[in-house]
Amino acid sequence: MDEISFDGKILHTPFAKPDAYGALSMPVYQNAAYEFESAEQMELAFTGKVSDHTYSRITNPTVQNFEDRVKNITGSFGVTAMNSGMAAISNAIITLAQTGSNIVTSRHLFGNTYSFFASTLAAFGVETRFCDLTNSYEVESHIDANTCAVFLEIITNPQMEVVDLKVLSEITKKNGVPLIADTTIVPFCNFKAKNWGINIEIVSSTKYISGGATSLGGLIIDYANFDWLSSPKLHNFAKEFGMAAFTTKLRKEIHRNLGAYMSPQVAYLQSLGLETLSIRYDRATDTCKKLVEKLETLSEIESVNYTGLNSNKYFQLSLIQFGDRPGAMFTINLASREACFRFMNKLKIVKRATNLFDNKTLSIHPASTIFGTFTPEVRKEMNVSDKTIRFSVGLEDVNDLFNDIKKAL
Ligand SMILES: *Cc1c(COP(=O)(O)O)cnc(C)c1O
């Protein structure tokens, strides 16, 4: 469907089979199991000789249609929908990691991702090597024969750091290591992972895609652009499955055994969310840009951090990689932790809540919440400051948001 637009692809990805009643939207197949006409048919399905659904932990028609739409708009080889962003990250990493492997990443990570690497995986003998991903020399010196992946977030939260993907992907390619990117902050309509040397893309679809924070979800997107013969764990698999080795290992083993597949009801909600992704994203990012420009003029605010601002350190790189809409998340710094709390308690329209890209604008003090159980030393290493408030811009009018923030200051 190359000739049709991004939104056209979302709206017109065909069902795998014609619906018996001609339903226009994909029905919710809210069932666990599927009936077979014969024992022979059953054998073919269970041994993977035909692609019929057998059990909804493994595949489901409603979830598959959501996956097909994402596949269509990303031009990817394989899409696996999970029941949260964390399920997507853990399933993707477990597909590649084994005892003795290491992962090279930055300390600038989403809180649970950091904890998954530093604690959960460490307990299974998988080492995580934290380094400055913006420094090519450091990255290269941390990679060795046991490195199973380089992992990054394309705009880190809440530091708002941007790595030069062209430089990083050249390093990973040269060293035969897959590059895994969490692209949650800038969705498919504005960022094409495939064009930046990313091999596996991870998205928390809880955020932009769900369409107003209706549900949790995660996506593992495989571009089949990596030679898995150089992966320590998938080497033998790659001899049989070639470029499909990652998705085959994930779909035939890891995700079945871990059991975190997206549920049909959620796939329905997120398919609907996907249909309005571009218009919601355009609106929220327009508002975000106007809002940060207004906030920069207020003397009560020490600094405004958004990569779409001319004054931002990453402005040029962000423009090249994400265009003029680098997400609808920004942070501000106030004088102290106390000033942040006082300010947040006075907000009337902006909600105090975690999550990103709800239809409503949200604010959170990351140091005392998402990173609240980390030691001050770890927070310092992660560059999570006590003075920072994070905002996620929703669909309200920009003046309503500006006035609410101005009054609270
Ligand atoms: C929210 C988020 C996650 C985790 O996603 P869940 O759906 O909450 O499990 C991972 N990475 C980033 C960048 C996120 O914002």
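Atoms within a ligand are numbered from 1 in the order they appear, just like the ligands themselves. Along the sequence shown, residues carry numbers from 1. Only heavy atoms go into these numbers, but all of them, side chains included; no hydrogens, no water, no symmetry mates.
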Problem - Close approach, G217 and ligand 1, non-hydrogen under 4.0 angstrom - result: yes
Practice task
Enumerate the atoms of ligand 1 whose separation from the nearest heavy atom of T206 is less than 4.0 angstrom.
Solution key: 6 (P), 7 (O)
Practice task
List the steps and the verdict of side chain to side chain donor-acceptor pair (under 3.5 Å) for D182 and T184.
Solution key: CA-CA 6 Å; D182 178 337; T184 301; 2.6 Å; yes
Fill in the blank from the handout: Which of F246, F237, F241 passes ring-ring contact (aromatic ring centres under 6.0 Å, His included) with W228? Answer is F246
Exercise for the section: May I ask you to list the atoms of ligand 1 that are less than 4.0 angstrom from any heavy atom of S204? Expected result: 1 (C), 2 (C), 3 (C), 5 (O), 6 (P), 7 (O)
Handout entry: Sequence neighbours excluded, every pair satisfying side-chain hydrogen bond (donor to acceptor under 3.5 Å, both in side chains) that has a member inside residues 108-126
Key = R107-Y114, H108-E161, H108-N383
Exercise for the section: Return the residue, atom name and 0.1 Å-rounded distance of the protein heavy atom closest to atom 14 (C) of ligand 1. Expected result: K207 NZ, 3.0 Å
Completion exercise
Note: I202, heavy atoms under 4.0 Å from ligand 1, region reported as neither
Exercise for the section: Check the side chains of N91 and Y261 for a donor-acceptor pair under 3.5 angstrom, ignoring hydrogens and angles. Expected result: no
Handout entry: Numbered atoms and elements of ligand 1 in range of G85, under 4.0 angstrom, heavy atoms
Key = 5 (O), 6 (P), 7 (O), 9 (O)
Exercise for the section: Could you tell me whether M86 and ligand 1 have an N or O pair separated by under 3.5 Å? Expected result: yes
Practice task
Output, in order, the C-alpha distance, side-chain angles, deciding distance and verdict of salt bridge (Lys or Arg N to Asp or Glu O under 4.0 Å) for K387 and E302.
Solution key: CA-CA 9 Å; K387 293 159 73 168; E302 275 191 3; 3.2 Å; yes
Practice task
With heavy atoms of L356 as the reference, note each atom of ligand 1 found under 4.0 Å away.
Solution key: 15 (O)
Practice task
Provide the full list of side-chain hydrogen bond (donor to acceptor under 3.5 Å, both in side chains) pairs with a residue in residues 15-26, sequence neighbours left out, each pair given once.
Solution key: none
Fill in the blank from the handout: Within 4.0 Å of some non-hydrogen atom of D182, the atoms of ligand 1 are 10 (C), 11 (N), 12 (C), 13 (C)
